[in-house]
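Working notes for the structure below.
All figures in this text were calculated on a predicted structure; none of them were measured in a lab. Throughout, residue positions are numbered sequentially from 1 according to the sequence presented. In listed order, ligands and their atoms are each counted from 1.
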Amino acid sequence: MIKTYFYKDIEAEQLQKLIDRNTDPNHAIQDTVLQIIEEVKTSGDEALKSYAKQFDKVDLEKLYLDASDIEELAMTISRDQMRALEIAFQNIHKFHQSQMKRERVVETMPGVKCWREVRPIEKVGLYIPGGSAVLPSTLLMLGIPARIAGCKEIVVCSPPQNNGKINGFVAYCLKLLRIDRIYLVGGAQAVAAMAYGTESIPKVNKIFGPGNQFVTKAKSMIQGMTDVSIDMPAGPSEVLVIADELANPAFVAADLLAQAEHGSDSQSILVCLSEEFAKAVEKEVDVQLQVLPRRAMAEEAMNNSYIIVAENLEEAMKFSNLYAPEHLILETEEWKPLVNKVLNAGSVFLGNLTPESAGDYASGTNHTLPTSGYARSYSGVSVDSFVKKITFQHISEEGLQHIGSTVEILAELEGLQAHKNAVSIRMK
Ligand SMILES: NC(=O)c1ccc[n+]([C@@H]2O[C@H](COP(=O)([O-])OP(=O)(O)OC[C@H]3O[C@@H](n4cnc5c(N)ncnc54)[C@H](O)[C@@H]3O)[C@@H](O)[C@H]2O)c1
Ligand SMILES: N[C@H](CO)Cc1c[nH]c[nH+]1
Ligand SMILES: [Zn+2]
């Protein structure tokens, strides 16, 4: 039984509890992660090998695979699988390439020209999840914008599989991206390794990628402890589905379960317009759960999820904006008037025939998205995440005459004489 609430009856305190994703209430994850970060900082590769043994159950002699291993593994997948990865690659590339727009030079006053130039972040670290499921699609979602941006060094980390290697799909994506090394390191230790550098793993400038609670906590922590930045907190997955009375309960159930199968800490929320519809979806969830290979995990995630019955689509949108989901699916053919009402969401899927799975893999948008309410302030990964935009300006003699006195007055009113002089000395 999925818990069901009527929006009109929810009190403020309860509403806050429903919206909160307090994933580490006793700081147990934070304590573990801090210990791992310290260990990697002091013992480097040795610590990484020992964590591989502890968490991934493998003895690693070498912490990486190179081009020849990657080539060999990539050849183990079928032609159809290669083709599907290539189509996903092309669509993601097409969508992300369109994000590279040159900005124009702006003349704010005659002779005063300002503009921005784009420069890639030189060294980036990509984390590819590989605990409960290996996600080669994440490698495409991060590697493609990194390549388009022109990042010089791309460091990839992913947990080793139980044969001490990676799977063929990840290997094939590495080949598509022309990346010829992958580090066999997962969890918080991978984040720490890319933040501090070890004997084998280079330190990077920015770390990207989704992961479980250990990975996400490590990313947030290293951002405060080092000069390395992160894309965003992209932790356990979430979906919020808004469905009207004409939506198909089987489609809705399928979308809720697609997110639930990511992990027992995933959250799948349904906001619908009647108790009858809620019951129909619950029934479908039970039916579809029976045949899921990852049933136990999905079932646990559904226990951690809930249904809200709203009076109308306006009210449903109000709740969604408060929750700020990573993914929002609008399962109504009346989605057009709702688009402007979406204020907080990572990525939005419109209509009854647009499943989140399409965006997870192949439509072109990025699936690395903010979770836990961070969609209120962060965007998902894009080419912008891999570049810096540096401002430039040039002032001519005419420009100095136009802007000079304004700067002198402003410097004087702030009591900064040297600032004023730097202008006055040029105007003489
Ligand atoms: N928000 C997004 O954009 C997005 C995209 C894709 C996936 N995801 C999420 O990524 C997550 C992937 O998680 P995963 O677990 O499958 O893979 P993962 O690669 O994130 O984590 C696996 C690693 O976690 C570490 N670990 C496991 N148990 C630990 C423990 N008790 N103590 C310390 N470290 C431990 C181990 O090092 C292991 O190698 C899922 O929650 C999924 O929902 C999010
Ligand atoms: N739904 C995940 C983002 O939260 C992305 C993904 C990868 N593979 C399947 N799904
Ligand atoms: Zn998914």
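- In the candidate list Gln259, His327, Glu326, Glu326 is nearest to atom 1 (N) of ligand 1, counting heavy atoms.
- Donor-acceptor pairing under 3.5 Å is recorded for the side chains of Thr138 and His367.
- Residue Tyr51 places no heavy atom under 4.0 Å from ligand 1.
- In this structure, Gln189 has a heavy atom closer than 4.0 Å to ligand 1.
- Only side-chain heavy atoms of Asp56 come within less than 4.0 Å of ligand 1; its backbone N, CA, C and O stay farther off.
- The closest approach between any non-hydrogen atom of Gly235 and ligand 1 is below 4.0 Å.
- Taking a 4.0 Å cut-off on heavy atoms, Gly130 registers as neighbouring ligand 1.
- Ring geometry for Trp115 versus Phe392: interplanar angle under 30°, hence parallel rather than tilted (30 to 60°).
- Close approach of ligand 2 to Glu326 is summarised as follows: ligand atoms under 4.0 Å from at least one heavy atom of the residue are 3 (C), 4 (O).
- Ser237 and Gln259 are linked by a side-chain donor-acceptor pair at a separation below 3.5 angstrom, with hydrogens and angles left out of the test.
- Not one N or O of His367 is nearer than 3.5 Å to an N or O of ligand 2, by distance alone.
- Gln288 and Glu284 are linked by a side-chain donor-acceptor pair at a separation below 3.5 angstrom, with hydrogens and angles left out of the test.
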Stepwise ring-ring contact (aromatic ring centres under 6.0 Å, His included) check, Phe214 with Phe55: CA-CA 12 Å; Phe214 298 97; Phe55 296 124; 7.2 Å; no
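- Any N or O atom pair closer than 3.5 Å counts here, and Ser132 shares at least one such pair with ligand 1.
- Checking Gln213 against Asp24 by side-chain atom types alone, no donor-acceptor pair falls below 3.5 Å.
- At the top of the distance list for atom 25 (C) of ligand 1, counting protein heavy atoms only, stands Gly187 CA, 3.9 Å.
- Considering both main-chain and side-chain atoms, Pro129 never comes within under 3.5 Å of ligand 1 through any nitrogen or oxygen pair.
- Checking Gln81 against Ser78 by side-chain atom types alone, a donor-acceptor pair falls below 3.5 Å.
- A donor-acceptor pair shorter than 3.5 Å cannot be found between the side chains of Glu238 and Ser266.
- Neither the backbone nor the side chain of Glu238 comes within 4.0 Å of ligand 2, counting heavy atoms alone.
- Of the N and O atoms on the side chains of Glu326 and Tyr374, not one donor lies less than 3.5 Å from an acceptor on the other residue.
- For the residue pair Asp384 / Gln99, no side-chain donor-acceptor distance below 3.5 Å is found, with atom types taken as modelled.
- For ligand 1, the atoms closer than 4.0 angstrom to any heavy atom of Thr371 are 1 (N).
- Environment of CD in Glu86: crowded, with over 12 heavy atoms of neighbouring residues, nucleotides or ligands closer than 6.0 Å.
- Protein heavy atom closest to atom 41 (O) of ligand 1, with residue, atom name and distance, is Pro236 CA, 3.6 Å.
- What sits closest to atom 17 (O) of ligand 1 on the protein, heavy atoms only, is Gly131 N, 3.0 Å.
- Closest approach between the Zn ion (ligand 3) and any N/O/S atom of Asp360 involves OD2.
- Inspection of the Ser200 and Asp45 side chains reveals an N or O donor paired with an N or O acceptor under 3.5 Å.
- For the pair Asn366 (side chain) and Met141 (backbone), a donor-acceptor distance under 3.5 Å is present.
- Close approach of ligand 1 to Val215 (heavy-atom distance below 4.0 Å) involves ligand atoms 20 (O).
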Side chain to side chain donor-acceptor pair (under 3.5 Å) evaluation trace for Ser274 with Glu245: CA-CA 8 Å; Ser274 74; Glu245 291 297 280; 3.2 Å; yes
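- Atoms of ligand 1 found under 4.0 Å from any heavy atom of His367 (numbered from 1 in listed order, with element): 2 (C), 3 (O), 5 (C).
- Of all N, O or S atoms in His262, the one lying closest to the Zn ion (ligand 3) is NE2.
- Shortest contact from atom 7 (C) of ligand 1 to any protein heavy atom: Leu135 CD1, 3.5 Å.
- At most 12 non-hydrogen atoms from other residues, nucleotides or ligands lie less than 6.0 angstrom from NZ of Lys336.
- Where the criterion is an N or O separation shorter than 3.5 Å, residue side chain and backbone included, Ser237 meets it with respect to ligand 1.
- Relative to the six-membered ring of Tyr323, Arg376 misses at least one condition, a distance below 6.0 Å or an angle of at most 45° to the axis.
- Between Leu369 and ligand 1, a contact under 3.5 Å exists for at least one N or O pair.
- Annotation for ligand 2: atoms under 4.0 Å from non-hydrogen atoms of Gln259 are 1 (N), 4 (O).
- The protein atom (non-hydrogen) at minimum distance from atom 21 (O) of ligand 1 is Asn212 ND2, 2.8 Å.
- Residue-environment remark: CD (Glu333) exceeds the threshold of 12 foreign heavy atoms within 6.0 Å.
- Shortest contact from atom 2 (C) of ligand 2 to any protein heavy atom: His262 NE2, 3.4 Å.
- Close approach to Thr368 involves these atoms of ligand 1, each under 4.0 Å from a residue heavy atom: 3 (O).
- When only interatomic distances are considered, the shortest N/O to N/O separation between Thr138 and ligand 2 does not fall below 3.5 Å.
- Nearest non-hydrogen protein atom to atom 4 (C) of ligand 1 is Pro210 CB, 3.1 Å.
- With hydrogens left out, the protein atom closest to atom 9 (C) of ligand 2 is Tyr361 OH, 3.3 Å, a heavy atom.
- With a 4.0 Å heavy-atom cut-off, ligand 1 is reached by the backbone of Ala133 but not by any atom from C-beta on.
- By the 4.0 Å heavy-atom criterion, Glu356 is counted among the residues contacting ligand 2.
- Comparing Pro210, Ala133, Ser137 by heavy-atom distance to atom 8 (N) of ligand 2, the nearest is Ser137.
- Between Met82 and Ile77, the closest side-chain pair of non-hydrogen atoms falls below 4.5 Å.
- When hydrogens are left out, the protein atom nearest atom 40 (C) of ligand 1 is His262 O, 4.2 Å; that is the closest non-hydrogen contact.
- Atom 11 (C) of ligand 1 has its closest protein heavy atom at Gly211 C, 3.4 Å.
- In this structure the side chain of Val124 reaches within 4.5 angstrom of the side chain of Phe386, judged on heavy atoms.
- Looking only at atom types and distance, the side chain of Gln16 has a donor-acceptor partner in the side chain of Asp20 under 3.5 Å away.
- Considering Tyr127, Phe214, Phe55 only, the shortest heavy-atom separation from atom 18 (P) of ligand 1 involves Tyr127.
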